[in-house]
Novice: 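Once you've had a glance at the structure underneath, I'll fire off some questions.
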Amino acid sequence: MMNTKSNKFLNFRNKVVLVTGSNGIIGSELCRLFLDLGAFVFGIDNKKNSIKNSNYTHFVGDVANENFVIKKLTEIIKKKSKIDIILNGAAVSIFTHFEKRTKKEIYKTLNVNLIGTHNVIKNYVKLHSKKKLTSCRIINFGSIYGVNSPDFRIYKNNDRFSSEIYGATKASIIQMTKYLSVMYVKKNIFINCISPGGTIAEKSKISKKFKKRYASRTPIGRMATPKDLFTAVIYLANSETKYTVGQNILVDGGLTAW
């Protein structure tokens, strides 16, 4: 456990944090980060989570299901009287070729990535007003592929390259962040976005050859790990960050700077 008493900027003790996509590569590490910082963490994912902590509560469900989202937001607020931080990380990817794209794949990606994020924000905002809550920091997760197209030169036949519909949903999330941030900042709801570059877990199944090719596209010379996102998350989640609104922070090792 970190000693947060002497550092106001890192003091998240007793904050209430909701993480969607809490079983994912990034989401699971964000849950552990905020637990380590003393917060109460609630996770939503369509699969069970292995996190064992008395301050962690896991909900199995689909963020695209609005009734489920309303129920869980209401449950958290009833239990804790607030939600200080919402991390909208729930997302799915598909890797089939564009010319073989099916409507089922399109709708699945839209439902989770875009409609799911929309469900969480809309219904939190409604509860924020209804329950007269004081503040919330909402962090959406975009992607470099919501800003740039993939460099197809680094992808080979067996590599999983980002789909056009995934990129479209992430571009939409970035724009939705900007749109909603200016609507709700006067209610003390700060909405921002983080767009990671290619992010891998320690025991990733991605081939060494692809990692090397991807790394060659970044000035920093490697792919990201979830921990590379921590400082941006802490910055945007912190109640001391009072003048950053509607921004999309690219954490990509410099890839989009080239």
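Quantities reported herein were computed from a predicted structural model and do not represent experimental measurements.
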Novice: Is a salt bridge present between Asp252 and Arg217, judged by a nitrogen-to-oxygen distance below 4.0 Å?
Specialist: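 Judged by the 4.0 Å cut-off on N to carboxylate O distance, Asp252 and Arg217 do not form a salt bridge.
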Novice: Closest approach of Ser239 and Arg137, non-hydrogen atoms and distance?
Specialist: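 Heavy atoms only, the tightest pair is O-NH2, 3.4 Å.
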Novice: Centroid-to-centroid, Phe34 to Phe12, below 6.0 Å?
Specialist: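 Here the rings of Phe12 and Phe34 have centres that are less than 6.0 Å from each other.
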Novice: With rounding to the nearest 0.5 Å, note down the distance linking OG1 in Thr199 to CD in Glu29.
Specialist: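 Thr199 OG1 to Glu29 CD: 11.5 Å, rounded to 0.5 Å.
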Novice: More than 12 heavy atoms of other residues, nucleotides or ligands under 6.0 Å from OH of Tyr184: is that the case?
Specialist: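 Incorrect, the count does not exceed 12.
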Novice: Using 30° and 60° as the class limits, which term best fits the ring planes of Phe59 and Phe42: parallel, tilted or perpendicular?
Specialist: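 The rings of Phe59 and Phe42 lie parallel, inter-plane angle below 30°.
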Novice: Using 4.0 Å as the upper bound for N to carboxylate O, is an ion pair formed by Arg153 and Asp151?
Specialist: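 Judged by the 4.0 Å cut-off on N to carboxylate O distance, Asp151 and Arg153 do form a salt bridge.
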Novice: Same cluster or not: Leu236 versus Phe190, using hydrophobic residues (I, L, V, M, F, W, Y) connected whenever any side-chain heavy atoms lie under 4.5 Å apart?
Specialist: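 No, Leu236 does not connect to Phe190 through the hydrophobic network.
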Novice: Can you confirm whether more than 12 heavy atoms, excluding those of Phe152, are under 6.0 Å from its CZ atom?
Specialist: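 Correct, the count exceeds 12.
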Novice: Determine, stepwise, if the pair Asn14 / Phe40 fulfils side-chain contact (heavy atoms from CB on, under 4.5 Å).
Specialist: CA-CA 6 Å; Asn14 298 324; Phe40 297 102; 3.5 Å; yes
Novice: Could you check whether any side-chain N or O of Asn192 sits under 3.5 Å from a backbone N or O of Ile139, counting only pairs where one atom can act as donor and the other as acceptor?
Specialist: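 No; judged by distance alone, with no hydrogens or angles, the pair does not exist.
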Novice: Kindly work out whether a path of hydrophobic side-chain contacts (I/L/V/M/F/W/Y, heavy atoms less than 4.5 Å apart) joins Ile51 to Val41.
Specialist: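 As far as the 4.5 Å side-chain criterion goes, Val41 and Ile51 are connected within one cluster.
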Novice: Could you give the distance from CG (Asn46) to CG (Asn65), rounded to the nearest 0.5 Å?
Specialist: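 It comes to 12.0 Å.
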Novice: Any donor-acceptor pair under 3.5 Å linking the side chain of Thr74 with the backbone of Ile70?
Specialist: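 Indeed, once roles are kept as given, a pair shorter than 3.5 Å links the two residues.
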Novice: Taking atom NE2 of His118 as the centre, does the number of heavy atoms from other residues, nucleotides or ligands within less than 6.0 Å exceed 12?
Specialist: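 Result for NE2/His118: open.
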Novice: Examine distances only and state if a side-chain atom of Asn148 and a backbone atom of Thr256 form a donor-acceptor pair shorter than 3.5 Å.
Specialist: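 No.
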Novice: Is it true that Lys78 and Glu75 make a salt bridge, defined as a side-chain N closer than 4.0 Å to a carboxylate O?
Specialist: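 Salt bridge between Lys78 and Glu75, a charged N being under 4.0 Å from a carboxylate O: no.
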Novice: So for atom OH, which belongs to Tyr107, do other residues, nucleotides or ligands contribute more than 12 heavy atoms lying within a distance under 6.0 Å?
Specialist: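 Atom OH in Tyr107 is not packed in, count stays at 12 or less.
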Novice: Ignoring hydrogens and angles, tell me if any N or O in the side chain of Asp62 forms a donor-acceptor pair with the backbone of Val112 under 3.5 Å.
Specialist: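 A pair under 3.5 Å: no.
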Novice: Looking at Glu240, I want to see if its CD is surrounded by more than 12 non-hydrogen atoms of other residues, nucleotides or ligands under 6.0 Å.
Specialist: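 Buried by this count: over 12 neighbours within 6.0 Å.
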Novice: Check whether more than 12 heavy atoms from other residues, nucleotides or ligands sit under 6.0 Å from atom NZ of Lys108, and answer yes or no.
Specialist: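 Counting other residues, nucleotides and ligands, NZ of Lys108 stays at 12 neighbours or fewer.
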Novice: Using the rule side chain to side chain contact (heavy atoms under 4.5 Å, CB included), only one of Leu114, Val120, Ile121 pairs with Thr117; which is it?
Specialist: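 Going through Leu114, Val120, Ile121 one by one, the side chain to side chain contact (heavy atoms under 4.5 Å, CB included) with Thr117 is satisfied by Ile121 alone.
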Novice: Indicate the atoms forming the closest heavy-atom contact of Ile144 with Tyr214, along with that distance.
Specialist: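 Minimum heavy-atom separation between Ile144 and Tyr214: CD1-OH, 3.5 Å.
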Novice: If you round to the nearest 0.5 Å, how far is CG of Leu110 from NZ of Lys103?
Specialist: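 Reported value, rounded in 0.5 Å steps: 13.0 Å.
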Novice: How far does OH of Tyr124 sit from CD1 of Ile191, to the nearest 0.5 angstrom?
Specialist: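 Nearest 0.5 Å value for the OH-CD1 distance: 10.0 Å.
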Novice: For Ile83 versus Cys136, what's the shortest heavy-atom pair and its separation?
Specialist: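 Heavy atoms of Ile83 and Cys136 come nearest at O-SG, 3.4 Å.
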Novice: Using modelled atom types only, decide if a donor and an acceptor are shared between the side chain of Thr169 and the backbone of Tyr166 within a distance under 3.5 Å.
Specialist: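 Checked: pair present.
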Novice: Will you find, in the side chains of Glu105 and Thr96, an N or O donor that is under 3.5 Å from an N or O acceptor?
Specialist: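 The criterion, which ignores hydrogens and geometry beyond distance, is satisfied for Thr96 and Glu105.
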Novice: Do Val69 and Ile44 sit in one hydrophobic cluster, given that two such residues count as connected whenever their side-chain heavy atoms are within less than 4.5 Å of each other, even indirectly?
Specialist: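 Val69 and Ile44: one cluster.
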Novice: So, Lys187 side chain and Leu133 main chain: donor-acceptor pair closer than 3.5 Å or not?
Specialist: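 No, Lys187 side chain to Leu133 backbone: no donor-acceptor pair under 3.5 Å.
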Novice: To the nearest 0.5 Å, tell me how far Lys156 NZ sits from Ile154 CD1.
Specialist: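 With rounding to 0.5 Å, NZ (Lys156) is 9.5 Å from CD1 (Ile154).
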Novice: Find the distance between SG (Cys193) and CG (Leu180) and round it off to the nearest 0.5 Å.
Specialist: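 If we round to the nearest 0.5 Å, Cys193:SG and Leu180:CG are 11.5 Å apart.
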Novice: Could you report the tightest heavy-atom contact between Pro219 and Leu255, atom names first, then the distance?
Specialist: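 In terms of heavy atoms, the two residues are closest at CD-N, 3.8 Å.
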Novice: Give the intermediate values and the outcome of side-chain contact (heavy atoms from CB on, under 4.5 Å) for residues Val17 and Val19.
Specialist: CA-CA 7 Å; Val17 181; Val19 180; 4.0 Å; yes
